[in-house]
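Quick caveat: nothing in here was measured; it's all calculated off a predicted structure.
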Amino acid sequence: MSMTEEPVTFVSLAVATVTIPPANCDTPPGTHLVGAGLMIATRHGSRWRFSSEAGTIAAGEKEQGLLLWLADRLPMADTLIGWQIDQHVVPPLIDAAAHAEPTIAHHFMVRLARVLRGNVVDLSVDRSAKAEDVATASSMTPDTLLGNWGTGRLDAVRADLATEAIGAWLHFLRQAQHVGADAEQATRAWMHRRSSIHLVERAPGAA
């Protein structure tokens, strides 16, 4: 496969939702979008560039704030990567948009549709992949996630979302050898540099 001069962008997307108990027995429990994590990898010729961000909203904050944050960061992607994209990732995003102000909802849905028009890789379709291979943050289990979010430990939620997005990207690389054998090595070198710097990016809910 020859390298092209045009940059190629891969986006790994993870979302966090919590189930809110119903106010009364007549209403079903609701799913609330509380966070999103992105891993963006861009190949330009033989070089790779990476970035990772995660955003959260606190209890009582509107989901549309998270949608606005995500819309402003979703790039034009050649490939979107995630775990259970149709079942777990996209539905809570669309549901949140349905309850957002019309201008924010439109802005977000245009960006989401643009990403979904490219190549979409759902890692759960590969039967050799197990959830624990991808969702490497054990605290993303529903009870722990709800506990962290409900008690305001949003740093932990953001860290877990970033871990899940990066984990999905690494799992994708192990399955997709055509991307380039150097991709995983470049990713791990970037992760090492990033952990040494302890860079905290501005995001919703960040201090």
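Of the candidates Gln64, His106, Lys62, Glu101 forms a side chain to side chain donor-acceptor pair (under 3.5 Å) with just one, namely Gln64.
Considering CG of Asp86 and CD of Gln84, their distance stands at 10.0 Å, rounded to 0.5 Å. Interatomic distance, Asn119 CG to Leu80 CG, rounded to the nearest 0.5 Å: 9.0 Å. Note that CG of Leu161 and CG of Leu145 are 7.5 Å apart. Values are rounded to the nearest 0.5 Å. A distance of 6.0 Å separates CG of Leu173 from CD of Glu184, quoted to the nearest 0.5 Å. Atom CZ of Phe108 and atom CH2 of Trp69 lie 11.0 Å apart (nearest 0.5 Å). Atom CG of Asp182 sits about 7.5 Å away from atom OG of Ser46, to the nearest 0.5 Å.
In this structure, the side chains of Ile57 and His32 come closer than 4.5 Å at one or more pairs of heavy atoms. Side-chain atoms of Met109 and Ile94, non-hydrogen and from C-beta on, do get closer than 4.5 Å to each other. Within the 4.5 Å cutoff, the side chain of Leu170 has heavy atoms near those of the Arg188 side chain. Under the 4.5 Å side-chain criterion, counting only non-hydrogen atoms from C-beta, Leu93 is in contact with Leu70. Counting heavy atoms from C-beta outward, Pro142 and Thr19 have side chains that stay 4.5 Å or more apart. Side-chain contact between Gln175 and Val121 is absent, with no heavy-atom pair separated by less than 4.5 Å.
Between Val34 and Val18 the shortest heavy-atom distance is CG1-CG2, 3.7 Å. Smallest separation of non-hydrogen atoms from Ala100 and Leu67: CB-CD1, 4.3 Å. The nearest pair of heavy atoms linking Ser52 to Trp190 is CB-CH2, 3.6 Å. When all heavy atoms of Leu123 and His171 are compared, the closest pair comes out as CD2-CD2, 3.9 Å. A pairwise comparison of heavy atoms in Pro91 and Ile85 identifies CD-O, 3.8 Å as the closest pair. Heavy atoms only, all atoms of each residue included: Glu63 and Thr31 are closest at OE2-O, 4.4 Å.
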Does the pair Asp78 and Glu6 meet the rule for a side chain to side chain contact (heavy atoms under 4.5 Å, CB included), with working shown?
CA-CA 11 Å; Asp78 297 278; Glu6 287 295 317; over 6 Å; no

Please determine whether side chain to side chain contact (heavy atoms under 4.5 Å, CB included) holds for the pair Asp122 and Gln87, giving the CA-CA distance in whole Å, both sets of side-chain angles, and the decisive distance to 0.1 Å.
CA-CA 10 Å; Asp122 186 339; Gln87 300 85 7; 3.9 Å; yes

For Asp160 and Glu164, run side chain to side chain contact (heavy atoms under 4.5 Å, CB included): C-alpha distance rounded to whole Å, both residues' side-chain angles, the deciding distance at 0.1 Å, then the answer.
CA-CA 6 Å; Asp160 291 344; Glu164 184 171 327; over 6 Å; no

For the pair Thr56 and Trp149, evaluate side chain to side chain contact (heavy atoms under 4.5 Å, CB included) and give the outcome as yes or no after the intermediate values.
CA-CA 9 Å; Thr56 51; Trp149 176 75; 5.7 Å; no

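Aromatic pair Trp48/Trp169: ring centres closer than 6.0 Å.
Heavy atoms of other residues, nucleotides or ligands lying less than 6.0 angstrom from CG of Asp72 number more than 12. Counted within 6.0 Å of CZ on Arg49, heavy atoms from surrounding residues, nucleotides or ligands total 12 or fewer; the atom is thus considered open.
At a threshold of 4.5 Å between side-chain heavy atoms, the hydrophobic network of Ile, Leu, Val, Met, Phe, Trp and Tyr places Met76 and Val115 in two separate groups. The cluster map of Ile, Leu, Val, Met, Phe, Trp and Tyr, joined by side-chain heavy atoms under 4.5 Å apart, puts Leu68 and Val110 in different clusters.
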